[in-house]
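Given the structure is predicted, the values throughout are model-derived calculations rather than measurements. Excluded from the calculations below are hydrogen atoms, water molecules and symmetry mates; all remaining heavy atoms, backbone and side chain alike, are included.
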Amino acid sequence: MHLKPPVPPFTRETAAEKARLAEDAWNTRTPGTVALAYSEDSRWRNRAEWITGREEITAFLTRKWARELEYRLIKEVWAYEERRIAVRFAYEWHDDSGTWFRSYGNENWEFDDSGLMRTRFASINDTPIAESERRYHWPLGRRPDDHPGLSALGL
């Protein structure tokens, strides 16, 4: 069995660590690498789309990041229990016409014993923003440790 620490049961600290690791992975915008955090048979609902398995996850993320340019994400734990974590998130991106958006949402995650995510249910809303309203200005990739999180930014 391949372990993807931290593994259940989660504490406040390990849930926060799991959320930050997910944020860091998604900020790489590397679909194949991100997909490795999910079980082989992982099931997702992302907005109105149902996705099953790593191959479909990889295809979905490839499409996503071809459309959502200069993507930068912040996640924050909302609640947790033994093998489940609920996070809220916001990310900023622009489309190919240069229109900026901030996308807000919530995710409910459930993990298997090895720490791989076996279910992910995401609800997301997109809000157009002016470029001057952007709050995420770090270089593409991992959010710096000293960059404020969602609560500190008032999001």
Side-chain angles (χ1 to χ4, degrees), residues 1-8 10 14-78 80 83-129 131 134-145 147 149-150 153 155:
M1 176 185 286
H2 175 73
L3 290 180
K4 188 76 170 172
V7 299
F10 295 113
T14 60
E17 180 183 355
K18 198 70 157 176
R20 180 61 193 241
L21 289 168
E23 174 188 316
D24 291 349
W26 280 63
N27 276 326
T28 70
R29 299 170 329 281
T30 308
T33 301
V34 173
L36 294 176
Y38 302 91
S39 65
E40 298 267 355
D41 60 349
S42 187
R43 294 179 313 113
W44 287 20
R45 182 188 49 78
N46 195 88
R47 300 177 195 249
E49 189 171 353
W50 291 89
I51 301 158
T52 303
R54 285 186 184 154
E55 189 173 313
E56 288 184 22
I57 290 168
T58 300
F60 167 81
L61 293 172
T62 300
R63 289 189 315 273
K64 172 184 179 63
W65 290 319
R67 178 177 174 268
E68 296 177 356
L69 307 174
E70 293 195 54
Y71 175 97
R72 290 171 180 86
L73 165 73
I74 300 176
K75 292 183 183 282
E76 184 174 283
V77 172
W78 183 257
Y80 67 93
R83 64 180 55 251
R84 292 181 175 164
I85 301 173
V87 298
R88 64 189 199 91
F89 62 88
Y91 61 91
E92 294 180 349
W93 58 281
H94 70 81
D95 63 15
D96 59 2
S97 72
T99 302
W100 280 93
F101 296 87
R102 187 173 303 118
S103 299
Y104 300 93
N106 299 291
E107 295 175 324
N108 297 313
W109 301 339
E110 185 173 32
F111 295 87
D112 65 18
D113 290 338
S114 66
L116 294 172
M117 193 182 301
R118 66 178 170 204
T119 55
R120 174 185 174 267
F121 299 109
S123 299
I124 307 166
N125 299 296
D126 302 319
T127 303
I129 60 172
E131 188 169 358
R134 292 180 53 218
R135 296 189 182 185
Y136 302 177
H137 296 284
W138 68 84
L140 288 175
R142 186 179 191 278
R143 175 173 55 104
D145 290 334
H147 190 284
L150 294 178
L153 288 169
L155 299 175

For the atom pair CZ (R45) and CG (N108), what is the distance rounded to the nearest 0.5 Å? 8.5 Å

Would you say V34 and L36 make side-chain contact, with heavy atoms under 4.5 Å? no

Minimum heavy-atom separation for L21 to P6, with atom names? CD1-CD, 3.8 Å

May I ask you to say whether R83 pairs ionically with E110, meaning some side-chain N is under 4.0 Å from a carboxylate O? no

Using atom types as modelled and distance alone, determine if a side-chain donor or acceptor of N27 lies under 3.5 Å from a backbone N or O of L73. yes

Just wondering, do N46 and R120 contact through their side chains at under 4.5 Å, heavy atoms? yes

For V77 versus A15, what's the shortest heavy-atom pair and its separation? CG2-O, 3.5 Å

Between K4 and D113, is there a salt bridge with N-O shorter than 4.0 Å? no

I'd like to know whether the aromatic ring centres of W44 and W109 sit less than 6.0 Å apart in this structure. no

So do L155 and R102 actually touch side chain to side chain, heavy atoms under 4.5 Å? yes

Step through it carefully: locate the ring centre of Y104, locate the ring centre of F89, and say whether they are under 6.0 Å apart. no

Salt-bridged, E56 to R54, with N to O below 4.0 Å? no

With no hydrogens and no angle check, just 3.5 Å: does a side-chain donor-acceptor pair link D112 and S39? no

Is there a donor-acceptor pair closer than 3.5 Å between any side-chain N or O of S103 and the backbone N or O of A90? no

Rounded to the nearest 0.5 Å, what separation is found between the CD atom of E131 and the CH2 atom of W100? 6.0 Å

Mind checking the CG-CG spacing from L116 to L3? Nearest 0.5 Å is all I need. 8.5 Å

T28 side chain vs T30 backbone, donor-acceptor pair below 3.5 Å: yes

Quick check: do E49 and I51 have side-chain heavy atoms less than 4.5 Å from each other? yes

At what distance, to the nearest 0.5 angstrom, does CG of L153 lie from CD of E76? 9.5 Å

Less than 4.0 angstrom from a charged side-chain N to a carboxylate O is my criterion; do R135 and E92 meet it? no

May I ask you to test the L140-R72 pair for a side-chain heavy-atom distance under 4.5 Å? yes

How far apart are the C-alpha atoms of N106 and V87, what are their side-chain angles, what is the distance that settles it, and do they pass the side chain to side chain contact (heavy atoms under 4.5 Å, CB included) test? CA-CA 6 Å; N106 299 291; V87 298; over 6 Å; no

In terms of relative ring orientation, are F101 and W93 parallel, tilted or perpendicular, with 30° and 60° separating the classes? parallel

To the nearest 0.5 Å, what is the distance between CZ on F111 and CE on M117? 4.0 Å

Within a radius of less than 6.0 Å around CZ of R88, do more than 12 heavy atoms belonging to other residues, nucleotides or ligands occur? yes

Rounded to the nearest 0.5 Å, the CD atom of E70 sits from the CZ atom of R29 at a distance of 8.5 Å

Pairing of E107 and K75 as salt bridge, 4.0 angstrom limit: yes

For the backbone of T58 and the side chain of T62, can you confirm whether one donor and one acceptor N or O come within less than 3.5 Å of each other? yes

Under a 4.0 Å threshold between the charged nitrogen and the carboxylate oxygen, would R63 count as salt-bridged to E68? no

Restricting to non-hydrogen atoms, name the atom on S42 and the atom on I57 that form the minimum distance, rounded to 0.1 Å. CB-CD1, 4.0 Å

Please check if any side-chain donor atom of Y136 sits under 3.5 Å from a side-chain acceptor atom of R134, or the reverse. no

With a cut-off of 6.0 Å (strictly less than), are more than 12 heavy atoms of other residues, nucleotides or ligands near CZ of R20? yes

Greater than 12 external heavy atoms within 6.0 Å of E55's CD: no

In this structure, which one of W26, F60, Y91 forms a ring pair (Phe, Tyr, Trp, His ring centres under 6.0 Å) with W65? W26

